[in-house]
J.: 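There's a structure below that I have some questions on.
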Amino acid sequence: MATAAVTGYRDVSESAASIQGEVEDPQFTLSGREVAGKEVPAQETVSQSITTRQKLILAACSCSSCFMHMGVSTIPLLLPPEIIRKGIPYEYCGMIFSLFATAIVIFEPLQAKLLPMIGTKRAFCFSALLGGFCYISFGMLTFAYSTAGFAAPAMIIRFVEGFYYAVLITSSNVIVCLEFPDHASLAFGILEGFVGAGFTLGPLVGGSLFAAGGFIAPFLFIGLALLATSLFGYFVLDQVTGLNLQSRPREKKRLIRDPIFIALGMLTFTMGIVWGIFETSLEPYLATYDQGPIVEGVVFAIAYLAYAGMSPVWGYVFRRVHIDYRWVLVGPVCVGVIWMILGPIPMLSFIGTDVLWLDVVCLFLLNVSIAFVFVFSYDTMLKRAVMHGLEENVATYALIVAAFFSSIYIGEIIGPVIGGYVYAKLSFQYVALVASSAAYGMAVIAAMTMLINWRALGRRIKKALHSAFPTWIQEPKDRGYSSESSSLLDSAEEEQDNIFQPPTEVTGALNRDDKRPASYGTAVSLRTRTTSAGFSDITPASPLVLF
């Protein structure tokens, strides 16, 4: 198979040099990509048209996203009735479900090391193959009737399923980021759209196949679809590894300690909690309307279709228009307001608890808001990584995807526990109160983390204490430079800029064709210092605060 030219592998020092009109120290630029066993150099020009090969790659990753989430959404529909039918204690149902999320939380952080080592193609094909066998095996449980014969294999399969899910979802997202480095947010939005499509089609297709062929039929279909996806990926994907990449622990440490990166992780964690509460408590709440399973299925379909439809739209918006990262805080605020009306919370009891059309509208807007936070956070995390000196290669993408999905699924472990307990002890109105409080609380914490320069605040406090107690408190040292922060305190160093503005006329690293700056801040003011390694380290100046 012929290999295509590779784009989007420029070092951040080169990106900053393109802003200044010259290239500094080109010998430090690394390509870091290996295709068919050969290292391919970085390319400076990007073709605006999408080739047939790229369309096939996007189709393979989209199929994997759709089919794996069809399986994820089918199991909650079919497993509880099967357990009840076989007379197995229902407590095992919760254990079977929890092992899936537990496995994801365990294995997802490892993808940052695992994926560059084994390569994207091998990871994609192997995980899709493993997932196919998992679902086929899960369908075979229909022939097990004893408690031990059903529960023990189900737990093992679900744990392995969590491992395959972590590898496949990471490799799929990394592959599309590598193939579309200038359209990363749009490509991620498309994949998230197919995630929503999988959640929507899973109950519909799974329920129909269950009615026609029993418990084994839907899982046999999903398993064979994943096996076909593995075969399809084998013929269309390139093998991309990170074995020849130079390790950059200092840049990774700076990224992990970045307050904006941490705040985005908090927000995705919060959306994971909210989504877990939503999935746990919505079905029993809709059952109180006594409209039957068809109406409930339509409501779920509308909610998931909102996520499926708006994820690509948000990806396109963030791809075409430069929106300041602080606008991500609007997402959890909207989620909190929607939950308050959806319940409604006890303080808004005058709204009424039996208005189905209002609940449908709220669920639609809820998933639109969640899609906004997810796509915006992912897009910003990628840009923060480049700004801190990490290259656009398989190791960087694997690190970002692992951090992103780990935070989500940690939240999805906590959310169902909270939602189930509150619903069982109190009511759906208090579930809405807990969900809205979580959204508001984490939005405040994320805003404080993102908008306050805590290092500068600490230096000021220490300086004030030194003035008061000079013999006891040592005077803080001036480090000579400051990292980017959205400071509410350093107004003297802030620069005037637009929070919402069209792309500028400067070429950037992640979005060169729309002329977005490499720093992805609100200004392209850069400070340069020389590191011990001998090359320039780019640090943007502090941007203007939001308020």
Side-chain angles (χ1 to χ4, degrees), residues 108-109 112 184-185 188 251-275 314 318 322-337 369-390 396 399-412 414-415 435-458 482-490 494 497 499-500 510 519-523 539-547:
E108 185 63 50
S185 59
F188 175 77
E251 287 79 0
K252 291 181 181 179
K253 183 178 180 180
R254 287 176 56 189
L255 175 65
I256 295 173
R257 295 174 62 183
D258 180 9
I260 297 172
F261 189 84
I262 295 173
L264 294 171
M266 292 179 183
L267 294 181
T268 54
F269 166 74
T270 306
M271 294 302 103
I273 293 178
V274 170
W275 212 344
W314 289 128
F318 302 144
H322 168 57
I323 303 177
D324 187 271
Y325 59 83
R326 287 161 287 192
W327 282 104
V328 73
L329 296 171
V330 174
V333 174
C334 291
V335 168
V337 172
S369 302
I370 292 175
F372 171 83
V373 176
F374 280 163
V375 179
F376 201 165
S377 299
Y378 183 83
D379 182 60
T380 307
M381 283 179 169
L382 285 176
K383 292 173 174 62
R384 301 300 297 180
V386 173
M387 192 211 75
H388 282 292
L390 294 174
T396 298
L399 173 65
I400 298 303
V401 173
F404 178 80
F405 284 105
S406 295
S407 60
I408 291 176
Y409 279 97
I410 291 175
E412 287 215 30
I414 299 174
S436 60
S437 300
Y440 289 139
M442 292 303 295
V444 171
I445 296 174
M448 294 176 62
T449 304
M450 183 181 295
L451 302 178
I452 297 179
N453 190 334
W454 293 101
R455 184 176 296 179
L457 179 62
S482 62
S483 59
E484 181 190 8
S485 63
S486 300
S487 175
L488 291 174
L489 305 174
D490 298 334
E494 293 165 355
D497 65 319
I499 288 179
F500 185 88
L510 277 172
S519 62
Y520 188 65
T522 54
T539 304
S542 299
L544 178 67
V545 297
L546 179 61
F547 303 101

J.: What are the two closest heavy atoms between G265 and T268, and how far apart are they?
T.: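 For G265 versus T268, the nearest heavy atoms are O-OG1, 2.9 Å.
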
J.: Applying ring pair (Phe, Tyr, Trp, His ring centres under 6.0 Å), can you list everything that pairs with Y378, at least two apart in sequence or on another chain?
T.: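 Partners of Y378 by the ring pair (Phe, Tyr, Trp, His ring centres under 6.0 Å) criterion, ordered by chain and then number, come out as F188, F404.
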
J.: Report the residues that fulfil side chain to side chain donor-acceptor pair (under 3.5 Å) with E412, sequence neighbours left out, ordered by chain and then residue number.
T.: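 Side chain to side chain donor-acceptor pair (under 3.5 Å) check on E412 returns nothing, list empty.
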
J.: Should L390 and L399 count as side-chain neighbours, where that means a heavy-atom distance under 4.5 Å?
T.: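 Yes, their side chains come closer than 4.5 Å.
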
J.: With heavy-atom distances below 4.5 Å as the criterion, would you say the side chains of W275 and I408 are in contact?
T.: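 Not in contact.
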
J.: To the nearest 0.5 angstrom, please state how far the CD1 atom of I260 sits from the NE2 atom of H388.
T.: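 Here the interatomic distance stands at 7.0 Å.
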
J.: For A435 and V274, which heavy atoms make the closest approach, and how far apart are they?
T.: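 Looking at all heavy atoms of both residues, the closest pair is O-CG2, 4.4 Å.
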
J.: Please give me the minimum heavy-atom distance between G331 and V373, naming the atom from each residue.
T.: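 Closest pair (atom of G331, atom of V373, distance): CA-CG2, 3.5 Å.
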
J.: Could you tell me which non-hydrogen atom of I370 sits nearest to which non-hydrogen atom of M271, and how far apart they are?
T.: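 Looks like CG1-SD, 4.0 Å.
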
J.: Quick one, F376 and W314 - any side-chain contact, counting heavy atoms below 4.5 Å?
T.: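 Answer no - side chains too far apart.
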
J.: Is a donor on one side and an acceptor on the other found under 3.5 Å between the side chain of S406 and the backbone of A403?
T.: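 Not a single qualifying donor-acceptor pair exists.
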
J.: Determine all donor-acceptor pairs shorter than 3.5 Å in which one atom belongs to a side chain in residues 438-450; sequence neighbours excluded.
T.:
| residue | atom | partner | partner atom | Å |
| --- | --- | --- | --- | --- |
| Y440 | OH | V337 | N | 3.1 |
| T449 | OG1 | I445 | O | 2.8 |

J.: Can you tell me how far the CG atom of D324 sits from the OG1 atom of T380, to the nearest 0.5 Å?
T.: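 Taking CG in D324 and OG1 in T380, the distance rounds to 9.0 Å.
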
J.: Just to verify, what does S369 make a side chain to side chain donor-acceptor pair (under 3.5 Å) with, not counting sequence neighbours?
T.: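 Partners of S369 by the side chain to side chain donor-acceptor pair (under 3.5 Å) criterion come out as none, since no residue qualifies.
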
J.: State the CZ-CD1 distance between F261 and I400, to the nearest 0.5 angstrom.
T.: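 So the CZ of F261 and the CD1 of I400 are separated by 4.0 Å.
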
J.: Are the side chains of L382 and V386 in contact, using a 4.5 Å heavy-atom criterion?
T.: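 Answer no - side chains too far apart.
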
J.: Out of curiosity, M266 CE to S377 OG, how far, rounded to the nearest 0.5 Å?
T.: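 Rounded to the nearest 0.5 Å, the CE-OG separation comes out at 12.5 Å.
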
J.: Which distance, rounded to the nearest 0.5 Å, do you find between the OG1 of T396 and the NZ of K252?
T.: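 Separation between the atoms: 7.0 Å.
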
J.: Any chance you could measure L267, atom CG, to F372, atom CZ, to the nearest 0.5 Å?
T.: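 Spacing of CG (L267) from CZ (F372) equals 10.0 Å.
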
J.: Could D258 and R254 be called an ion pair, given the rule that one side-chain N must be under 4.0 Å from one carboxylate O?
T.: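 A salt bridge is absent here (no side-chain N lies under 4.0 Å from a carboxylate O).
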
